[in-house]
Chemist: 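First, the structure itself, so that you have it in front of you.
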Amino acid sequence: MPFMVKMPANSPTIFWMKSKCLLVITGPTAVGKTEVSVEIARHFRAEIISADARQFYRELHIGTAVPPKEVLASVPHHFIGHLSISDYYNVALYEQEALKLLDKLFRYSDYALVVGGSGLYIDTLCRGIDPMPDHSAGLRKEVHQFYKAEGLAGIRAWLKQLDPDYFAQVDPGNPQRIMRAIEVCLAGGKPFSAMRVRNRQARPFSIRHVVLNRPRAELFSRINERVDNMIADGLIEEAMGLFEYRHLNALNTVGYRELYGWVSNRHSLADAIAKIKTNTRRYAKRQLTWFKKYEDAAWVHPEETSTILQHLEGKG
RNA sequence: GGGGGGGUUCCAGAGCGGUCAAAUGGGGCAGACUGUAAAUCUGUUGGCUAAGCCUUCGGAGGUUCGAAUCCUUCCCCCCCCA
């Protein structure tokens, strides 16, 4: 009798067998995930599910280091360029869609391969996220306007009133978090903290996790080099072609925002490029910090393919 | 050759007799993180046998109870006149 798991109400109704395995390859930006992914995917005859939140947008290529055409053509990839920069999207939608996709993929293969560096997205796919009320974009705008008018103190006071428990926990200086909590309280009619219970969802498949990493100096010089290549490949043109959309969240992205800062005369081109490099390095650092909590993950150098395979086969 | 400005902790740049291991910014390092996540935010940043001590503010002397801060001198930068 195969091991069966009851799925939560909002998940696909099918029951999956525990023999299915989700392979996760993550690691900081520019570590070399794309390069190894094809070989791994072929080995397991798995399709690739991207977990790179900025590769979702079809208008973004160079700045988000989307895998080259040959790579995309050699193994089926999902969640790359499936959105437009003007689309609204969030992790919960990703979770839903990815689970639905897995449902399909696992009919043909025992494996699926997640490749990407967006920690929150990977976590959500692997363990779920508490259900939260949906709400209109208008509500977010409203809260944001209140913030602009009343400042940090204003939204803090508001949150304190709506959800004193969460108020006691949030970073007091983080407007984004405070505003989100307010939105959710308003939309759900109850405190955010009552909904954010961090329930871990059981998944009907096993998960094996590899974090790719390199010595810091090596990683950083790859980042610097990659940024130069992006510029040579036409990042400036790509960014400028999207100039009118620069206010969109999707373009609040390393590699784009710095160039907009340059055209807006906030700094020189050379400074912009230097900033892209340092901001990318910082991003990589933040990713690494996030990945450190993956206790079951194996950390390996991307060139050690056989070690990677070993871990993904469960022999690690 | 004459006149003026300046050399400060990784960098830029405040400080201008005690409250200075030295503001602030940058960078670095560390961290947080349940629907904006390549986002957003926080801490830390001379050394140590750490509520104390030691070594820092171009070099060397000096004044003073006490100097990054005042004086002398030396070295090095920059600007103006020649």
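Letters go in sequence order (proteins before strands), and every chain restarts at 1. No experiment lies behind these values; they were computed from the predicted model shown. Because only heavy atoms are used, hydrogens play no part in the values below, and waters and symmetry mates are left out as well, while side chains stay in.
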Chemist: So which nucleotide from B:rG27, B:rG35, B:rA32 ends up closest to the side chain of A:A92?
Modeler: B:rG35
Chemist: If each of A:R226 and A:L93 is mapped to the nucleotide of RNA chain B with the nearest heavy atom, which maps nearer the 5' terminus, i.e. the 5' end?
Modeler: A:L93
Chemist: Considering every strand and a 4.0 Å limit on heavy-atom distances, what is the contact class for A:D271: base, sugar-phosphate, or nothing?
Modeler: nothing
Chemist: By the rule that ILVMFWY residues connect when side-chain heavy atoms come within less than 4.5 angstrom, directly or transitively, which residues belong alongside A:L159?
Modeler: A:M132, A:L139, A:V143, A:F146, A:Y147, A:L152, A:I155, A:W158, A:L162, A:Y166, A:F167, A:V170, A:I178, A:M179, A:I182, A:V184, A:L186, A:F192, A:M195
Chemist: Checking base pairs now: Watson-Crick or wobble, both atom distances under 3.5 Å. What partners B:rA21?
Modeler: none
Chemist: Applying side chain to side chain contact (heavy atoms under 4.5 Å, CB included) between A:T124 and each of A:Q201, A:Q96, A:E95, report the one that passes.
Modeler: A:E95
Chemist: Nearest heavy atom decides the nucleotide; on that basis, is A:G128 or A:M230 closer to the 5' end of RNA chain B?
Modeler: A:G128
Chemist: Picking from B:rG35, B:rA37, B:rG27, which would you name as closest to the side chain of A:R281?
Modeler: B:rG27
Chemist: Any side-chain N or O of A:K285 under 4.0 Å from OP1/OP2 of B:rG31?
Modeler: yes
Chemist: Step by step, work out the side-chain contact (heavy atoms from CB on, under 4.5 Å) result for A:R127 and A:R203.
Modeler: CA-CA 7 Å; A:R127 48 166 61 168; A:R203 307 254 95 131; 5.8 Å; no
Chemist: Base, sugar-phosphate, or nothing: which does A:F56 touch, judged by heavy atoms less than 4.0 Å apart?
Modeler: nothing
Chemist: Taking the six-membered ring for Trp, are A:Y260 and A:Y256 parallel (under 30°), tilted (30 to 60°) or perpendicular (over 60°)?
Modeler: tilted
Chemist: If we take the C1' atom in both B:rU40 and B:rA23, what is their distance in whole Å?
Modeler: 27 Å
Chemist: Searching all strands shown, indicate the nucleotide that pairs with B:rU55 (Watson-Crick or G-U wobble; both distances under 3.5 Å).
Modeler: none
Chemist: Give a yes or no on whether a donor-acceptor pair under 3.5 Å exists between the nucleobase atoms of B:rC33, that is its base, and the side chain of A:R177.
Modeler: yes
Chemist: Counting any heavy atom closer than 4.0 Å, what does A:Y94 reach on the DNA or RNA strands: base, sugar-phosphate only, or nothing?
Modeler: nothing
Chemist: Pick the P atom in B:rU69 and in B:rG62, then give their distance to the nearest Å.
Modeler: 15 Å
Chemist: What contact category does A:R200 fall into here, base, sugar-phosphate, or nothing, at under 4.0 angstrom with non-hydrogen atoms?
Modeler: nothing
Chemist: Using the C1' atoms only, state how far B:rC16 lies from B:rA51, rounded to an integer number of Å.
Modeler: 30 Å
Chemist: Quick one: closest heavy-atom pair of A:A239 and A:L259, and the distance?
Modeler: CB-CD1, 3.9 Å
Chemist: Rounded to whole angstroms, how far apart are CD on A:Q176 and C1' on B:rA39?
Modeler: 5 Å
Chemist: Tell me whether the side-chain N/O atoms of A:R54 come closer than 4.0 Å to OP1 or OP2 in B:rA39.
Modeler: no
Chemist: Tell me whether A:L235 is reachable from A:I223 by hopping between hydrophobic residues (I, L, V, M, F, W, Y) whose side-chain heavy atoms are closer than 4.5 Å.
Modeler: yes
Chemist: Do we get A:R246 above A:F243's six-membered ring, with its NZ or CZ under 6.0 Å from the centre and within 45° of the axis?
Modeler: yes
Chemist: Which of parallel (below 30°), tilted (30 to 60°) and perpendicular (above 60°) describes A:F106 and A:F205?
Modeler: tilted
Chemist: Can you find a side chain N or O atom of A:R216 that sits less than 4.0 Å from OP1 or OP2 on B:rC29?
Modeler: yes
Chemist: Report the C-alpha separation of A:H82 and A:Y89 in whole Å, then their side-chain angles, then the decisive distance to 0.1 Å, and conclude whether the ring-ring contact (aromatic ring centres under 6.0 Å, His included) test is met.
Modeler: CA-CA 11 Å; A:H82 72 301; A:Y89 203 66; 5.4 Å; yes
Chemist: Can you check the A:F291 CZ to B:rC33 P distance for me, whole Å?
Modeler: 15 Å
Chemist: Calculate the interatomic distance between A:N174 atom CG and B:rA37 atom P; express it in whole Å.
Modeler: 14 Å
Chemist: May I ask you to verify if any side-chain N or O of A:R180 is less than 4.0 angstrom from the OP1 or OP2 atom of B:rU40?
Modeler: no
Chemist: When both hydrogen-bonding distances must be under 3.5 Å and the geometry is Watson-Crick or G-U wobble, what is B:rA68 paired with, if anything?
Modeler: none
Chemist: Enumerate all atom pairs, one protein N or O and one N or O from nucleotides 9-12 of chain B, separated by less than 3.5 Å.
Modeler:
none

Chemist: I need the CD1-P distance between A:I276 and B:rA39, as an integer number of Å.
Modeler: 12 Å
Chemist: Applying side chain to side chain contact (heavy atoms under 4.5 Å, CB included) between A:T26 and each of A:Y121, A:F291, A:W290, report the one that passes.
Modeler: A:F291
Chemist: If we take the P atom in both B:rU55 and B:rA68, what is their distance in whole Å?
Modeler: 12 Å
Chemist: Heavy atoms under 4.0 Å, any strand shown: does A:K275 hit a base, just sugar-phosphate, or nothing?
Modeler: nothing
Chemist: What is the distance from CG of A:N279 to P of B:rC41, rounded to the nearest Å?
Modeler: 13 Å
Chemist: If you look at every strand shown and take non-hydrogen atoms under 4.0 Å, does A:T280 touch a base, only sugar-phosphate, or nothing?
Modeler: nothing
Chemist: Do any of residues 164-171 of chain A sit with a heavy atom less than 4.0 Å from RNA chain B, and if so which?
Modeler: A:D171
Chemist: OP1 or OP2 of B:rA39 versus the side-chain N and O atoms of A:Y283: is any pair under 4.0 Å?
Modeler: no
Chemist: Expressed as a whole number of angstroms, how long is the span from A:H144:NE2 to B:rA39:P?
Modeler: 17 Å
Chemist: Among residues 233-266 of chain A, which ones have heavy-atom contacts with RNA chain B below 4.0 Å?
Modeler: A:N249, A:N252, A:T253, A:V254, A:R257
Chemist: Who passes side-chain contact (heavy atoms from CB on, under 4.5 Å) against A:K148, sequence neighbours left out?
Modeler: A:H144
Chemist: Quick check on B:rG47: syn or anti? Syn means the glycosidic torsion is within 90 degrees of zero.
Modeler: anti
Chemist: Does a side-chain N-to-carboxylate-O contact under 4.0 Å join A:D123 and A:K293?
Modeler: yes
Chemist: Measuring only the P atom in each nucleotide, how far is B:rG13 from B:rG26? A whole number of Å is fine.
Modeler: 15 Å
Chemist: Between A:T289 and B:rG31, does any side-chain N or O lie under 4.0 Å from OP1 or OP2?
Modeler: yes
Chemist: Under the side chain to side chain donor-acceptor pair (under 3.5 Å) rule, what pairs show up with a residue in residues 224-237 of chain A, not counting sequence neighbours?
Modeler: A:T29-A:R226, A:D228-A:K277
Chemist: Under 3.5 Å, is there a donor on one side chain and an acceptor on the other for A:E313 and A:H43?
Modeler: yes
Chemist: Could you tell me which nucleotide pairs with B:rC41 by Watson-Crick or G-U wobble geometry, both distances under 3.5 Å, or answer none if nothing does?
Modeler: B:rG31
Chemist: When the distance from CZ of A:R282 to P of B:rG26 is rounded to whole Å, what number comes out?
Modeler: 8 Å
Chemist: What interatomic distance, in whole Å, is found between C1' of B:rC75 and the corresponding atom of B:rG59?
Modeler: 7 Å
Chemist: Shortest non-hydrogen contact from A:E59 to A:L83?
Modeler: OE1-O, 3.9 Å
Chemist: A:L83 has an atom CG; how far is it from atom P of B:rG35, in whole Å?
Modeler: 18 Å
Chemist: Can you check the distance between B:rG7 and B:rG58, where both ends of the measurement are the P atom (answer in whole Å)?
Modeler: 8 Å
Chemist: To the nearest 0.5 Å, how far apart are CZ in A:R208 and SG in A:C21?
Modeler: 4.0 Å
Chemist: Could you measure between the two P atoms, the one in B:rC20 and the one in B:rU64, and give it in whole Å?
Modeler: 25 Å
